[in-house]
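Here the structure comes first, spelled out in structure tokens, and everything after it is commentary.
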Amino acid sequence: MPQIRLDKLLSDMGIASRKESRAVVKSGRVTVDGSLEKHPERKVDPTRETVALDGEALQYRAHHYYMMNKPLGIVTATEDREQKTVLDLMPSLCGRGIFPVGRLDKDTDGLLILTDDGEFAHRVISPKSCVEKLYYAKVEGEPDAEDTAAFACGLVLADGTRCLPALLEPLGDQRCLVRVVEGKYHQVRRMLAARGKPVRELRRLAIGELCLEKDLAPGAFRELTEADLCKLFCAVPMEKWSKTTLDSYEN
Ligand code: URA
């Protein structure tokens, strides 16, 4: 890995702004491989050298990944002249190159991943990676076995677009679960509409095996751990989403 200035390393890690990081280093709070380092311009390779702040070793991450419980009414974008965006909900991370991985509609809530890692984002979004996105929908009408079969064959949308095979599990009471590997514009809404079951409410519950955390309040976010990141690329068995589990995601 290329070497990086100490002050940049601290600010990249979100410890302080670049200017504050310079002051932190100059104040003698930072060591490199156990030796005091007071020069913010000192270059280090964080994969080989141990940088410590106040005696505690820092775990450097080249990129950052977050889980947000996207609230309803917020636009999935980095900026918008008129409307509040998901980035507006993360003011502490402003200017760090963070962007949303894929998109949830303004009137969809639930799990949204944000990162500054373009390659990772592409891997999550690309249908070729087969990363499943799980949605919970309340619809008009009652989804049934015929809908499940149509989803499994690869639905053709109203405009002629053919979707990859997807999974629909009817839950009764005009509710269903939908799993897709694609992220076409308004995909789940358009798929259900194509079956005459327009969506009334839509929430993303999981990506791969990474589930929306139940105690993450709407609009709140947290950094993902290495274990979380591994879960993104795992398949989750549908049985996991038992009725009891689902009830706890209801508003
Ligand atoms: N499909 C939709 O229709 N909307 C979303 O927000 C996500 C998937």
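Atoms considered below: every heavy atom in the structure, side chains included; atoms not considered: hydrogens, waters and symmetry mates. Numbering of ligands and ligand atoms starts at 1, following listing order.
Atoms of ligand 1 lying under 4.0 Å from at least one heavy atom of Gln187, given by number and element, are 1 (N), 2 (C), 3 (O). Each of the following atoms of ligand 1 lies closer than 4.0 Å to a heavy atom of Arg189: 2 (C), 3 (O), 4 (N). Heavy-atom proximity to Thr108, at under 4.0 Å, picks out these atoms of ligand 1: 4 (N), 5 (C), 6 (O).
Proximity of a side-chain donor or acceptor of Lys70 to a complementary backbone N or O of Met68 within less than 3.5 Å is not detected. Between the side chain of Asn69 and the backbone N or O of Ala220 there is no donor-acceptor pair closer than 3.5 Å. Judged purely by atom type and a 3.5 angstrom limit, Ser11 has no side-chain atom pairing as donor or acceptor with the backbone of Ala16.
More than 12 heavy-atom neighbours from other residues, nucleotides or ligands sit within 6.0 angstrom of CZ on Arg42.
Looking at heavy atoms from C-beta onward, Leu192 lies in side-chain contact with Phe151 at the 4.5 angstrom threshold.
Heavy atoms of Tyr135 come nearer than 4.0 angstrom to ligand 1 in at least one pair.
In terms of polar-atom proximity, defined here as any N/O pair under 3.5 Å, Leu104 makes no such contact with ligand 1. Of the N or O atoms in His186, one or more lie within a sub-3.5 Å distance of an N or O in ligand 1.
The side-chain hydrogen bond (donor to acceptor under 3.5 Å, both in side chains) pairs that include a residue from residues 143-167 are Asp147-Arg195, Asp147-Lys197, Asp159-Thr161, Asp159-Arg190, where partners are two or more places apart or lie in different chains.
The single protein non-hydrogen atom nearest to atom 1 (N) of ligand 1 is Val188 N, 3.1 Å, given as residue, atom name and distance.
The closest non-hydrogen atom to atom 6 (O) of ligand 1, taken over Asp105, Val180, Leu192, Val199, comes from Asp105.
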